[in-house]
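Have a look at the structure below, then the notes.
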Amino acid sequence: MPELPEVETVRKGLEQLIQGKEIQSVDVFWNRIIDYPDVTVFKSSLIGQTILEIKRRGKYLIFKLSDADLISHLRMEGKYEYQLTSPEKKSKHTHVVFHFTDGSQLSYHDVRKFGRMALVPKDTAISYKAVALLGPEPTDSTFLLEDFENKLARSSRAIKTQLLDQTMVAGLGNIYANEVLWEAKIHPEQPANTLTKKEIIRLRKTIIAVLDRAVKAGGTTIRSYVNALGEAGHFQVSLNAYGKTNQPCPRCLTPIVKIKVGQRGTHFCPNCQKLRRRKIK
DNA sequence: CGCAATGTTCGAAA
DNA sequence: TTTTCGAACATTGC
């Protein structure tokens with residue numbers, strides 16, 4: 001479920017639930033969830049480690065442990081659930097369980113089994129694989145206009161596809177990419193290298209603003225997302241385009257249209273978001 | 001039955 | 001070589 005706002009909300013929940021706890025043992029029921037290292041090593045290395053803090057980079061959660069970094073990506077449906085005691089009934093979709101020395105436990109659930117975890121040496125998470133390639137966090141001080149402009153100029157892909165590329169800016173996913181483009185009045189199929197300077201400035205500001213608002217709302221719950229405390233998000237009431245096929249655009253009342261862009265469902269207002277054939281100076 | 005679903009990766013094609 | 005495309009991963013629900 002997670003795009004940046006959902007992952008950030010999960011991070012906050014985990015922080016209050018498991019910070020300071022010591023791992024006593026780990027169960028892994030679906031080996032492919034563990035990307036690195038070998039499952040046996042993964043499990044044994046975690047024993048005795050304490051959760052110092054929980055960070056986030058893009059859509060990745062990074063558990064800072066006493067002697068390692070645990071990287072976790074929820075992909076489409078990953079969820080963390082905290083329990084004070086070990087339940088007799090293990091849910092069918094529980095794939096990893098971290099048992100703490102105080103008897104409580106953190107379980108990782110993932111219906112589609114797309115999520116991944118990796119245990120890397122202390123303080124090296126930021127240089128691990130895809131984490132190292134992530135673009136800037138979407139904040140005013142880190143997401144710089146000039147870099148964004150340069151990256152856009154080098155790609156002819158549809159702007160929406162480009163926004164989903166985590167090397168552009170970290171954390172945008174399908175819901176927020178749709179929302180951002182609607183708000184910035186840019187057609188999702190507009191080639192990235194044909195955006196005007198004005199549009200790029202507006203797009204950058206909108207990305208920062210939309211994600212910020214969504215974080216404050218605790219994320220968006222469309223189908224299954226809940227945070228680590230089991231709570232749903234609230235941003236779904238603020239959606240203007242995503243999932244609004246045939247419903248009137250909140251700005252001009254033209255029905256929202258759904259198309260496919262880069263294999264992903266894409267919603268937009270054909271009146272507010274017009275495709276330009278040529279770049280205008 | 002068929003398709004789509006908050007995502008990323010990897011091999012092939014251009 | 002670089003960029004883009006599209007299948008694959010796995011399961012559920014409409």
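Chain letters run A, B, ... following the sequence lines, proteins first and then strands; every chain starts at 1. The figures that follow rest on heavy atoms only: side chains count, while hydrogens, waters and symmetry mates do not.
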Using the [atom1] atoms only, state how far [M] lies from [N], rounded to an integer number of Å.
N      : M      : atom1 : answer
B:dC10 : C:dA10 : P     : 15 Å
B:dT9  : C:dT1  : P     : 22 Å
B:dT6  : C:dT4  : P     : 22 Å

Could you tell me the separation between the [atom1] atom of [X] and the [atom2] atom of [N], rounded to a whole number of Å?
X      : N      : atom1 : atom2 : result
A:I175 : B:dG7  : CD1   : C1'   : 12 Å
A:L4   : B:dG7  : CG    : P     : 12 Å
A:E77  : C:dT11 : CD    : P     : 12 Å

Below the 4.0 Å mark, does [N] have OP1 or OP2 next to a side-chain nitrogen or oxygen of [X]?
X      : N     : result
A:R223 : B:dA4 : no
A:S156 : C:dT4 : yes
A:K113 : B:dG7 : no

Return all side-chain donor-acceptor pairs below 3.5 angstrom for residues 153-172 of chain A, not counting sequence neighbours, or 'none' if the list is empty.
{"residue": "A:S155", "atom": "OG", "partner": "A:R157", "partner atom": "N", "Å": "3.1"}
{"residue": "A:S155", "atom": "OG", "partner": "A:Q162", "partner atom": "OE1", "Å": "3.2"}
{"residue": "A:R157", "atom": "NH1", "partner": "A:Q162", "partner atom": "OE1", "Å": "2.8"}
{"residue": "A:R157", "atom": "NH1", "partner": "A:D165", "partner atom": "OD2", "Å": "3.3"}
{"residue": "A:K160", "atom": "NZ", "partner": "A:N174", "partner atom": "OD1", "Å": "2.7"}
{"residue": "A:K160", "atom": "NZ", "partner": "A:G265", "partner atom": "O", "Å": "3.4"}
{"residue": "A:K160", "atom": "NZ", "partner": "A:T266", "partner atom": "OG1", "Å": "2.9"}
{"residue": "A:D165", "atom": "OD1", "partner": "A:T167", "partner atom": "N", "Å": "2.9"}
{"residue": "A:D165", "atom": "OD1", "partner": "A:T167", "partner atom": "OG1", "Å": "2.8"}
{"residue": "A:Q166", "atom": "OE1", "partner": "A:G171", "partner atom": "N", "Å": "2.8"}
{"residue": "A:Q166", "atom": "NE2", "partner": "A:L164", "partner atom": "O", "Å": "3.0"}
{"residue": "A:Q166", "atom": "NE2", "partner": "A:L172", "partner atom": "O", "Å": "2.9"}

Worksheet item: Think A:K79 forms a cation-pi with A:Y108, using NZ or CZ under 6.0 Å from the six-ring centre and within 45 degrees of its axis?
Response: no

Practice prompt. Decide yes or no for A:L61 and A:L14: does some side-chain heavy atom of the first lie under 4.5 Å from some side-chain heavy atom of the second?
Written response: yes

Practice prompt. Check DNA chain C against residues 88-97 of chain A and give the residues with a non-hydrogen atom under 4.0 Å, in numerical order.
Written response: A:K92, A:H93

Discussion item. Using a heavy-atom cut-off of 4.0 Å across all strands, would you classify A:R112 as base, sugar-phosphate, or nothing?
Written reply: base

Worksheet item: Do A:K64 and A:D123 sit within salt-bridge range, that is, some charged N less than 4.0 Å from a carboxylate O?
Response: yes

Discussion item. Any carboxylate oxygen within less than 4.0 angstrom of a Lys/Arg side-chain nitrogen, looking at A:E183 and A:R213?
Written reply: yes

Worksheet item: For nucleotides 8-14 of chain B, read 5' to 3', which letter fits each nucleotide if B means a protein heavy atom sits under 4.0 Å from the base, S means only the sugar-phosphate is that close, and - means neither?
Response: SS-----

Discussion item. In dot-bracket form, 5' to 3', how is DNA chain C paired? Count Watson-Crick and G-U wobble pairs only if both distances fall under 3.5 Å, and write | where the partner sits on another strand.
Written reply: .||||||||.||||

Kindly list each side-chain donor-acceptor pair under 3.5 angstrom involving residues 232-241 of chain A, sequence neighbours excluded, with atom names and distances?
{"residue": "A:Q236", "atom": "OE1", "partner": "A:T221", "partner atom": "N", "Å": "2.9"}
{"residue": "A:Q236", "atom": "NE2", "partner": "A:G233", "partner atom": "O", "Å": "2.8"}

Worksheet, complete the sentence: Residues at least two apart in sequence or cross-chain that pass side-chain contact (heavy atoms from CB on, under 4.5 Å) with A:Q83, listed by chain then number, are A:E81, A:P87, A:Q105, A:S107

Discussion item. Holding to side-chain contact (heavy atoms from CB on, under 4.5 Å), I want the full list of residues that pass it with A:R32, two or more places apart in sequence or in another chain.
Written reply: A:W30, A:R116

Fill in: Residue list, ring-ring contact (aromatic ring centres under 6.0 Å, His included) with A:F42, at least two apart or on another chain
none

Discussion item. Among residues at least two apart in sequence or on other chains, which ones pass ring-ring contact (aromatic ring centres under 6.0 Å, His included) with A:F114?
Written reply: none

Discussion item. Which nucleotide wins on minimum distance to the side chain of A:M76, given the candidates C:dT4, C:dA10, B:dT6?
Written reply: B:dT6

Fill in: CZ-CD1 distance between A:F100 and A:I23, expressed to the nearest 0.5 angstrom
6.0 Å

Worksheet item: If you group Ile, Leu, Val, Met, Phe, Trp and Tyr whenever their side-chain heavy atoms sit less than 4.5 Å apart, what else falls in with A:Y36?
Response: A:Y60, A:I71, A:V120, A:Y128, A:V131, A:L134

Considering only distance and modelled atom types, tabulate donor-acceptor pairs under 3.5 Å from the side chains of residues 46-54 of chain A, sequence neighbours left out.
{"residue": "A:Q49", "atom": "OE1", "partner": "A:D67", "partner atom": "N", "Å": "2.8"}
{"residue": "A:Q49", "atom": "OE1", "partner": "A:A68", "partner atom": "N", "Å": "3.4"}
{"residue": "A:Q49", "atom": "NE2", "partner": "A:S45", "partner atom": "O", "Å": "2.9"}

Worksheet item: Between residues 238-251 of chain A and DNA chain B, which residues have a heavy-atom gap below 4.0 Å?
Response: A:Y242

Practice prompt. Compare the ring of A:F114 with the six-membered ring in the base of C:dA10 and state whether they stack (centres under 5.5 Å, planes under 30°).
Written response: no

Discussion item. Between A:D110 and A:H93, is there a side-chain donor-acceptor contact under 3.5 Å, judged purely by atom types and distance?
Written reply: no

